[in-house]
Each structure stands twice: as structure tokens, then as C-alpha cells.
Amino acid sequence: MDGTKRSNIKPGDRVKVVQKQDQKSGKLTEGVVLKLLTKSPAHPHGIKVMLEDKVVGRVKEVVK
């Protein structure tokens with residue numbers, strides 16, 4: 001599922017995010033959303049979230 005729309009993501013969802021330092025390599029980190037940090041309804045690079053292990057990144061995909 002698309003990670004650029006805020007409506008697709010909620011706390012408790014399993015997602016794959018790209019962290020700031022991994023943007024060049026595109027390395028994804030998987031985790032569970034603790035809270036959403038992006039306030040706007042959409043963002044072209046992905047909604048910024050904090051995972052339960054305190055990792056912050058932009059959602060690239062929502063894992064089902």
C-alpha cells in the first residue's frame with residue numbers, strides 16, 4: 001500500500017521506512033508505527049513516522 005497518504009497509515013501498522021541516513025542507498029527498515037509525525041494529508045516522499053523502537057523515517061510501503 002502507498003506510504004505517501006496519511007490516511008493509509010495508523011499507529012500499530014507494520015511498515016517499511018527509509019531513514020534519513022539511508023536515503024541514498026534506499027535501505028528499508030521494517031517496524032511497527034508508534035506515531036505519525038507528518039501533519040499534512042500527503043507527502044511525495046512518504047509520511048514521516050516514528051516506529052516503536054524510536055526509529056524515524058518516511059514510509060515507503062505498508063506491509064499487510
Side-chain angles (χ1 to χ4, degrees):
M1 197 186 302
D2 188 13
T4 61
K5 291 186 177 67
R6 197 171 194 274
S7 60
N8 290 344
I9 305 157
K10 60 188 182 309
D13 284 352
R14 188 156 206 71
V15 295
K16 290 185 181 175
V17 301
V18 64
Q19 296 179 63
K20 183 80 172 172
Q21 68 270 23
D22 296 331
Q23 283 177 345
K24 282 193 173 92
S25 68
K27 177 179 165 274
L28 296 178
T29 305
E30 191 169 325
V32 177
V33 176
L34 178 65
K35 62 182 174 181
L36 282 74
L37 303 176
T38 299
K39 298 289 185 227
S40 64
H43 191 284
H45 300 295
I47 299 299
K48 191 180 279 185
V49 297
M50 180 181 287
L51 302 180
E52 287 180 343
D53 56 2
K54 303 298 189 251
V55 170
V56 173
R58 292 199 180 272
V59 177
K60 291 301 173 189
E61 64 180 276
V62 179
V63 180
K64 283 293 170 195

Heavy-atom pair of closest approach, residues Leu34 and Lys54 = CD2-NZ, 3.7 Å
key: ILVMFWY cluster membership beyond Leu28 - transitive side-chain contacts under 4.5 angstrom   = Val18
message = Which residues pass the salt bridge (Lys or Arg N to Asp or Glu O under 4.0 Å) test with Glu30, not counting sequence neighbours?
response = Arg14
query = Taking the side chain from Asn8 and the backbone from Gly3, do they hold a donor-acceptor pair closer than 3.5 Å?
reply = no
query = Any sub-3.5 Å donor-acceptor pair from Ser40's side-chain atoms to Ala42's backbone N or O?
reply = yes
ask   = So which heavy atom on Lys48 is nearest to which on Thr38, and how close?
value = N-OG1, 2.8 Å
message = Just to verify, which of Gln23, Lys24, Gln19 counts as forming a side chain to side chain donor-acceptor pair (under 3.5 Å) with Gln21?
response = Gln19
message = Which residues end up grouped with Ile9 if you chain together Ile, Leu, Val, Met, Phe, Trp and Tyr wherever their side-chain heavy atoms are less than 4.5 Å apart?
response = Met1, Val15, Val17, Val33, Leu36, Ile47, Val49, Leu51, Val55, Val59, Val62
ask   = Roughly how far, to the nearest 0.5 Å, is the NZ atom of Lys27 from the CG atom of Asp22?
value = 4.5 Å
message = Please check this pair: side chain of Arg58 against backbone of Gly46, looking for a donor-acceptor N/O pair closer than 3.5 Å.
response = yes
request  = Output yes when a side-chain donor or acceptor of Lys60 lies under 3.5 Å from a complementary backbone atom of His45, and no otherwise.
outcome  = yes
